[in-house]
2 protein chains.
Amino acid sequence: MERELESLFAQKKLRLTTPRREVFLAMQSSKAPLSISELIKKCPISERTSVYRTIDLFVRENIVKIVPIGWKQKYELTDLFKKHHHHLSCTKCGNLIDIHSKNIETVVSDVARENGFSETDHTFEIRGLCRDCK
Amino acid sequence: MERELESLFAQKKLRLTTPRREVFLAMQSSKAPLSISELIKKCPISERTSVYRTIDLFVRENIVKIVPIGWKQKYELTDLFKKHHHHLSCTKCGNLIDIHSKNIETVVSDVARENGFSETDHTFEIRGLCRDCK
DNA sequence: CATCTTATTGCAACAAATTTGCAATAAGAT
DNA sequence: ATCTTATTGCAAATTTGTTGCAATAAGATG
């Protein structure tokens, strides 16, 4: 998997540097999406500035995507690394549940088609109380 | 409708001040959701600070809700003032299309129920190219 | 393996966005 | 018309994000 990273970067002709490795591993080891400030905390070896630059790079290179979670922008690995999914977000305990729903995807493409839209990306989130909190 | 505003505020026991009136009217007169900086520009009478405070209040009071649009946080009046809808967002021309889809709502409640979630709110956006841009 | 080239880093300085404290003001109650 | 107190405007502080540049280290080359 360290292996995997190397070939990924080689393929994209990007240098595999310390901050890039650190940021990628931080993202990979987190079960939930991370905000920039969380990411900066999780990457103590790298300068703040480098984390910003790295995450920008990762977004451009389609390694990481931006997801809006509970009204904040967060980052998570793209579908290349993690199966496409959406989130249920508990507003009480803050927990996130990953969901994989065929129906959501169907609605997305139906709505896009009906409106003559060529979809590149979509966002879906449900907020509320989870089983335990309600 | 100015009438409407007054009774709304009276009901919530909030003072109807100049910044609150200005922010509300700005939101109401805009067809698309607004970012804070757009809102500040649209509210020249009120201090920047007051716009921040007002929008926070409006969110707390469920007058305004936050919507993620094209990776930015924007604000728009809640369903109390504008029929519930979602957005198609063109990444080329920046245009927004409002959509009212029964199917989306169905999927939302199905998914929530299946996961023992009691839904309070949800987010849905499709990004891509609109009819004209593709 | 040593050397070379050049992308990337760290740091410091800057700029922008957001928050806070507080005295002055003005809503709305009496 | 007066009083009480929430809210405002303003200035200062803080936090968040950006930029320029010299030093460094990836990875290419011989």
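Convention: sequence-line order gives letters A, B, ...; per-chain numbering from 1.
- One atom, NZ of B/K13, and another, C1' of D/dT4, lie 17 Å apart when rounded to the nearest Å.
- Scanning all heavy atoms of the two residues, the minimum distance from B/R15 to B/R20 falls at O-NH1, 2.9 Å.
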Scan nucleotides 24-30 of chain D nucleotide by nucleotide, 5' to 3', and note B when protein non-hydrogen atoms come under 4.0 Å of the base, S if they reach only the sugar-phosphate, - if neither. -BBS---
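- Taking the C1' atoms of five terminal pairs at each end of the helix from C/dC1-D/dG30 to C/dT30-D/dA1, the two resulting helix axes are inclined by 40°, rounded to 10°.
- Using a 4.0 Å cut-off between charged side-chain N and carboxylate O, A/D110 and A/R113 make a salt bridge.
- Here D/dT18 presents its C1' atom at 14 Å from CD of A/E47, a figure rounded to the nearest Å.
- Remark: the backbone N or O of A/K12 is not paired with any side-chain donor or acceptor of A/E61 at under 3.5 angstrom.
- Contact between the side-chain N/O atoms of A/T49 and the OP1/OP2 oxygens of C/dG10 is not found at any separation under 4.0 Å.
- Between the NZ atom of A/K72 and the C1' atom of D/dT16 there is a distance of 10 Å, given to the nearest Å.
- The distance from atom CD1 of B/I45 to atom P of D/dG9 is 10 Å, rounded to the nearest whole Å.
- Considering all non-hydrogen atoms of both residues, B/P33 and B/E76 come closest at CG-OE1, 3.4 Å.
- Atom CD1 of B/I40 is separated from atom P of C/dA16 by 14 Å (rounded to the nearest Å).
- Under the side-chain contact (heavy atoms from CB on, under 4.5 Å) criterion, B/D79 pairs with B/K65, B/H84, sequence neighbours left out.
- Atom P of nucleotide D/dT16 and atom CG of A/L39 are separated by 14 Å, given to the nearest angstrom.
- Side-chain heavy-atom separations under 4.5 angstrom define the hydrophobic clusters, and the remaining members of the one that includes A/V108 are A/L88, A/I97, A/I99, A/I104, A/V107, A/V111, A/F117, A/F124, A/I126, B/L88, B/I97, B/I99, B/I104, B/V107, B/V108, B/V111, B/F117, B/F124, B/I126.
- In this structure the side chain of B/L39 reaches within 4.5 angstrom of the side chain of B/V23, judged on heavy atoms.
- Ring geometry for B/H86 versus B/H122: interplanar angle of 30 to 60°, hence tilted.
- Residues of residues 51-61 of chain B that place a heavy atom closer than 4.0 Å to DNA chain D, in numerical order, are B/R53.
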Name each donor-acceptor pair under 3.5 Å that joins a side chain in residues 127-134 of chain A to protein atoms two or more places apart or in another chain, with its distance.
unit_1 : atom_1 : unit_2 : atom_2 : d
A/R127 : NE     : B/D121 : OD2    : 3.4
A/R127 : NH1    : A/E125 : OE1    : 2.8
A/R127 : NH1    : B/T123 : OG1    : 3.3
A/R127 : NH2    : B/D121 : OD2    : 3.0
A/R127 : NH2    : B/T123 : OG1    : 3.1
A/R131 : NH2    : B/N115 : O      : 3.4
A/K134 : NZ     : B/G116 : O      : 3.1

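- At C/dT19, none of the side-chain N or O atoms of B/R48 fall inside 4.0 Å of OP1 or OP2 (strictly under the cut-off).
- Between B/K42 and B/M27 there is no side-chain heavy-atom pair separated by less than 4.5 Å.
- Between A/H100 and A/H85, the ring planes are tilted. Angles from 30° to 60° get that label.
- Note: CZ (B/R21) to C1' (D/dA6) measures 16 Å, nearest angstrom.
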